[in-house]
Amino acid sequence: MKKILALVLAVAMMATTAFAVGISSVVATGKLDAGESIVLTPDDFKDKAGAKLSAADLGTGDWKFSKDYFRISKKEIKKGSGLITSIDFDGENGKILIKTAAGTLAPDHAPNLVLGTISVAAKKNVDTIKTSATFSWTPASATGLEVMFGMVKTDFEKTVAEGDGYVIDGKSHKYLMGSNYLTLTTSENVGDFDVTLEGRVYKNDTFSLDIKTDANTEILKNEAYALANLSFVQIVTSGLPISNKLTISAPEGSFVYEIKDKVLVAAPDVKWSEDDYAFIGKIRTSRDFVISDIELKAAPAVVPGNPETGANDVVGIAAALAVVSLVAAGAVSLKK
C-alpha cells in the first residue's frame, strides 16, 4: 500500500487514476479486469477525414479536452452496458474515462463487453477546431471491440500439500486443509503494515478477490484531512462465499474509516483487538478503507444486519474436495 502524507497537496494533484488502462492495451489483449477504467486521450480520436485530434490542435494543451469545450456525442456499447458505470471526461486531465463495475466475474472464453464508437463534438471554437466539429474513436472491426471483462476464473486441483503456498496475480496465498474445505489466506503488504483476509473456500465456490492499495484523490484533495498520514486499502470482490476475517495490522492508536459514495464514513465493524494486536473485522463484499494516524471527521455508518452469515457455511458438502474454483486477475502458479 502506498502511504501518503495528505499535507502535500501537490502529490494529490499528481496522483494517477486508479486501475486505468489505455484503449490500445485493451485492443491488444482483449481483456480488462473488473473495476479498471479504459482511458481515451485526444490522440485516440480522428475526424471524418481520418486526421487525429492531437494536443497541438487544442492550442494551449490537452486540458481543453474536457466538458468545458467538448461533449460526448456518442456512447456505443454493443454488449455489456451494465458493466459500464460511466463514460465521462476526467476533469481537466485531457482524457475520457470509461469506468467499469468492480467485482464482476468473467465468463469462460467468451467476450461479455463489446465497445462501439465513442464520439466527441466541440461545444465552442477551440483554437483551430470549429464549433460542432466531431471526432471519434472507432474499433477496427465492424462488430466492435470484444473484451473479456472481469476477474478470470482459474481452476486449481487439490494436489498441493497442506501449508504449501501459491500465488495469484502477485498476491501471496496459503491454505490449510479441512475435511470439506480450504482455509484460504490472502495478504498484501501496505508499507508499514499488512492487510490479510482469511476464510473458508468450499467445493465449487467461484468468486473474485483482490486487495489493492490505490490512493483516493478525492480524499487526498480534501483540506479537512491535510494533516493526516493516510493509507488506502480496497477489497475488490464479486462477493465472497462466506465472510472472511479481515486483519489490518496498523499501529495501535490508528483510526480506520471507509469510503462510501466518495464520503469518509466510520467503520464501526472494524475494531482494535488486543489479542490480535491489530484491527479486526469481517468482510464478504467489496470495501474501501482509509487508515489514518489521527482521528478524522467522518459521517456515521449504518452497520448492515448480520452480514457475516453465509449460505455455504454448512457441513453437508461432500468430504472429498476435488476442485476449488478461484477467480483472479492472473494465472495461478504453485510454489513448493
Side-chain angles (χ1 to χ4, degrees), residues 1 34-35 102-105 150-158 160-190 193-213 233-250 256 258 267-273 275-289 303-330 332 334:
M1 174 192 293
T104 302
L105 296 177
M151 307 290 264
V152 180
K153 184 173 71 175
T154 303
D155 292 335
F156 100 98
E157 298 181 2
K158 183 182 134 181
V160 184
E162 180 174 339
D164 279 358
Y166 61 94
V167 173
I168 297 179
D169 192 32
K171 302 295 185 295
S172 174
H173 302 259
K174 65 180 179 180
Y175 65 82
L176 298 175
M177 288 296 187
S179 60
N180 57 354
Y181 61 86
L182 302 180
T183 298
L184 179 67
T185 303
T186 305
S187 299
E188 176 78 352
N189 179 258
V190 190
F193 57 90
D194 294 325
V195 176
T196 302
L197 287 173
E198 183 179 39
R200 292 181 179 182
V201 181
Y202 291 90
K203 182 180 179 181
N204 298 325
D205 283 343
T206 303
F207 61 94
S208 65
L209 175 61
D210 200 1
I211 302 175
K212 295 183 179 291
T213 58
V233 175
Q234 301 90 41
I235 309 298
V236 183
T237 177
S238 58
L240 296 169
I242 192 169
S243 293
N244 274 222
K245 178 182 179 181
L246 169 70
T247 302
I248 301 175
S249 62
V256 179
E258 189 170 3
D269 58 329
V270 181
K271 301 176 181 179
W272 177 258
S273 167
D275 292 338
D276 295 274
Y277 208 73
F279 290 90
I280 303 297
K282 288 188 176 181
I283 277 193
R284 197 173 178 188
T285 58
S286 294
R287 303 281 293 272
D288 193 350
F289 293 107
V303 180
N306 196 22
E308 321 308 345
T309 59
N312 284 319
D313 195 7
V314 295
V315 295
I317 303 175
L321 176 58
V323 177
V324 174
S325 298
L326 296 178
V327 180
V332 174
L334 300 181

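Computed over heavy atoms, backbone and side chain alike; hydrogens, waters and symmetry mates excluded.
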Working to the nearest 0.5 Å, report the span between [atom1] of [X] and [atom2] of [Y].
X: E198; Y: K282; atom1: CD; atom2: NZ; result: 11.5 Å
X: D194; Y: S249; atom1: CG; atom2: OG; result: 4.5 Å
X: L197; Y: R287; atom1: CG; atom2: CZ; result: 11.0 Å
X: F279; Y: L246; atom1: CZ; atom2: CG; result: 11.0 Å

Salt bridge (Lys or Arg N to Asp or Glu O under 4.0 Å) partners of residues 233-242, not counting sequence neighbours, each pair once: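 Counting only pairs at least two positions apart or across chains, no salt bridge (Lys or Arg N to Asp or Glu O under 4.0 Å) contact touches residues 233-242.
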
Flag, side chain of S243 to backbone of R284, donor-acceptor distance under 3.5 Å: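 Here the side-chain-to-backbone pair does not exist.
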
Side-chain donor/acceptor of N244 to backbone N/O of I242, under 3.5 Å: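 Yes; judged by distance alone, with no hydrogens or angles, the pair exists.
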
Pairwise side-chain contact, T237 with S286, heavy-atom cut-off 4.5 Å (strictly under): yes

Side-chain donor-acceptor contact under 3.5 Å, T196 with S187: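 Yes, S187 and T196 have a side-chain donor paired with an acceptor closer than 3.5 Å.
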
T247 and F193: CA distance, side-chain angles, deciding distance, side chain to side chain contact (heavy atoms under 4.5 Å, CB included) verdict: CA-CA 10 Å; T247 302; F193 57 90; over 6 Å; no

Listed partners of S273 passing side chain to side chain contact (heavy atoms under 4.5 Å, CB included), at least two apart: D275, D276, I280

V233/I248 under side chain to side chain contact (heavy atoms under 4.5 Å, CB included): CA gap, chis, key distance, verdict: CA-CA 10 Å; V233 175; I248 301 175; 5.7 Å; no

